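Worksheet: the structure to be examined is printed underneath.
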Amino acid sequence: MTSKVRARIAPSPTGHLHLGTARTALYNFLFARKEKGDFILRLEDTDQVRSDEKYTDDILDGLRWLGMNWDEGPDIGGAYAPYRQTEKTDHYEQVAHKLISEGKAYFCYATPEELEALREEQKNRNESQRYDNRGRHYSAEEVDKYVKEGRIPVIRFKVEDDRIVSWHDAIKGDIQIHTADIGGDMVIVKSSGIAIYNFAVVVDDIDMKMTHVIRGEDHIHNTAKQILIYEALGVQHPIFAHVPLIVDTDRAKLSKRKHGEAVHILKYRTDGYMPEAMMNYLAQMSWTPPGEKEIFSVEEGCAMFDLSKVSKSHAIFDIKKLNWFNAHYLKSLPLSVVTDRALPFLSDYNLSQYSREKLEAIVSLLRDGIDTLGEIKNVSAFFFNEKIEIPDELGNDLLKKDSSRKVLSKVNESLSQFPWDDAKGCKAIIDGIGKELGLKGKDLYWPVRAALCGCTSGPDLGATLSILGEARVRSRIESLLQPC
RNA sequence: GCCCCCAUCGUCUAGAGGCCUAGGACACAUCCCUUUCACGGAUGCGACGCGGGUUCGAAUCCCGCUGGGGGUACCA
């Protein structure tokens, strides 16, 4: 009888939601949903120095934004609460003491300085750096001496020296790690009394009955350590799956230090990326759905996801591909939705000068030509600003040409005949003027466009005219026809 | 240093020994559509890191090399 699948994401609130965390969360989420299991959110906040509540909010918010929801978590509770490690300190310590009483762990009084010296020595001798397990053999006198000195011990877990830990990774396949390479007996509880990550995760994953642990491949060595703890605790370990890391175009791990805000989901939100695009891009970075289907929603992802099809090799974050996804969703999502999302990016403008209908028309016109909503402010400026800037190269050159002035004069004379509510009709009049003057293509369109938009490329001309309306068009053209 | 993981077009990838003269997508180039631009459509460019095996047959399996990445904490 297989038990219900339980997968989780366990971020630590030491920074904004990271791209890699988001993707790992997504894979856990997709997997849990696909298997009709539970997806759990848990906070690994044992790093007291770096943890911050504001990051917790950012992380939960970011995950929701991407379309994920969880069945249990710090915000909604659940059968296995609490879902924050800092609320389980005593529990971890109890488990650690149980291991001590069974002879599987012990107090170690070595100071950080002593350990540093040990590492230094080993390095000089060109040996691999590892704890020498000295704490296993303290005499009563030694312990007494250290206690009198006021040393506060850590708790170390005994790592068997000559064994191979192996598991079948759901993504990577069989992995074997020799215990000699783990680094000696490992700390499981710091002198502060706080459990160390490798210990707390295991206790939590046991407590919460996790069946699958899907996480970044930077945890592969931790997995070996953790399997040892599962064994000591007499519990069968969950299925592990290590997802390849996301690296940059130089193939280095994405890091705050090197990439700044670009490693955070928040950055993409504020730059005007659609959550649908972000989710879709993240999901397909290391996983291809059957049938080479590139575009898919969270729901479709949930239905199609297959852990065994996740790639083993690293994924390179390619902003161009993300842009393509985003441009796709910008064009295909319902206009009202895109408009709602676009308006905050236009908040510097006086939006009340247009009806909602016209605003939607503007978004509809502009969304074809941009990759992100962040770009909409610039490309829509001529719709909102009272006066537009005409760049010198257009003002001094194109708009000074005889043919250009002819076109503009003619358009100006005909303004009263434009069917202002009909974009195609407006365009037809321009075409008519072109025919009359014997001008076409650039000679015809560019002057009009330049006069209205301040540039020679842009959205559909008829629609632009229609949205701007007679008054704005008239004032822009007339201001250019003034003798200079 | 030691340990682990990985290796197909510039990028993401399909490929589970013959279906592969290696397929798709992004990007790029050209063309078409549009009497401008964008969108859209079509075409093109373009890869199995190297060397050994195994096999009738290898991108696919094995070994070595090289390259890349990750890990080696009283961080997570």
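Computed from a predicted model, the values in this text were never measured in an experiment. Residue numbering restarts at 1 for every chain, and letters A, B, ... go by the order of the sequence lines.
Between A/Asp431 and A/Lys427, at least one side-chain N (NZ, or NE/NH1/NH2) sits under 4.0 Å from a carboxylate O, which counts as a salt bridge. Taking the charged nitrogens against the carboxylate oxygens, A/Glu160 and A/Arg136 have no contact shorter than 4.0 Å, which rules out a salt bridge. The residues A/Arg42 and A/Asp205 are annotated as salt-bridged, a charged nitrogen and a carboxylate oxygen being separated by less than 4.0 angstrom. No salt bridge links A/Asp318 with A/Lys320; every basic N to acidic carboxylate O contact stays at or beyond 4.0 Å. Using a 4.0 Å cut-off between charged nitrogen and carboxylate oxygen, A/Arg119 and A/Glu116 count as a salt-bridge pair.
Look at A/Lys321 and you won't find any side-chain N or O under 4.0 angstrom from OP1 or OP2 of B/U13. Taking only side-chain nitrogens and oxygens, A/Ser286 comes nearer than 4.0 Å to OP1 or OP2 of B/U13. Dashed line: the shortest gap from a side-chain N or O of A/Arg156 to OP1 or OP2 of B/C74 is under 4.0 Å. Residue A/Lys309 places at least one side-chain N or O under 4.0 Å from the OP1 or OP2 atom of B/G15. For B/A76, the OP1/OP2 oxygens have a side-chain nitrogen or oxygen of A/Lys190 closer than 4.0 Å.
A search for side chain to side chain contact (heavy atoms under 4.5 Å, CB included) contacts involving A/Lys104 returns A/Leu99, A/Glu102, A/Ala232, not counting sequence neighbours.
If you measure from atom CG of A/Asp218 to atom C1' of B/G69, you get 11 Å, rounded to the nearest angstrom. Between A/Glu116 atom CD and B/C74 atom P there is a gap of 10 Å when expressed in whole angstrom units. Taking atom CD on A/Gln284 and atom C1' on B/C26, their separation rounds to 9 Å, with Å as the unit.
A gap of 26 Å separates the C1' atoms of B/C61 and B/G24, to the nearest Å.
A/Thr223 and A/Arg215 form a side-chain donor-acceptor contact under 3.5 Å, judged by distance and modelled atom types alone. A/Tyr273 and A/Asn323 are linked by a side-chain donor-acceptor pair at a separation below 3.5 angstrom, with hydrogens and angles left out of the test. A/Tyr329 and A/Asn280 share a side-chain donor-acceptor pair at under 3.5 Å.
When heavy atoms are screened at a 4.0 angstrom cut-off, A/Lys331 is found touching the sugar-phosphate backbone but no base atom. Residue contacts shown for A/Asp460 are absent, as no nucleic acid heavy atom lies under 4.0 Å away.
Picking from B/C26, B/G40, B/C12 the nucleotide with the shortest atom distance to the side chain of A/Ala315 gives B/C12. Closest to the side chain of A/Ile196, from the set B/C75, B/C3, B/C37, is B/C75. For A/His221, whose side chain is taken as the heavy atoms from C-beta onward, the closest listed nucleotide among B/C39, B/U13, B/C4 is B/C4.
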Please list each protein N or O that sits under 3.5 Å from an N or O in nucleotides 5-7 of chain B, with the distance.
residue, atom, partner, partner atom, Å
B/C5, O2', A/Lys172, NZ, 2.6
B/C5, O2', A/Glu217, OE1, 3.1

All N/O contacts under 3.5 Å from nucleotides 61-64 of chain B to the protein, with atom names and distances to one decimal?
none

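Mapped onto RNA chain B by nearest heavy atom, A/Gly462 and A/Lys225 fall at different nucleotides, with A/Gly462 at the one closer to the 5' end.
At a cut-off of 3.5 angstrom, counting only N and O atoms as typed in the model, there is no donor on one side facing an acceptor on the other between the side-chain of A/Asp318 and the base of B/A27. Between the side chain of A/Ser192 and the base of B/C74, no donor-acceptor pair under 3.5 Å is found.
Residues A/Phe317 and A/Tyr268 place their aromatic rings such that the two centres sit under 6.0 Å apart.
Judged by Watson-Crick or G-U wobble contacts below 3.5 Å, the nucleotide B/G57 has no partner.
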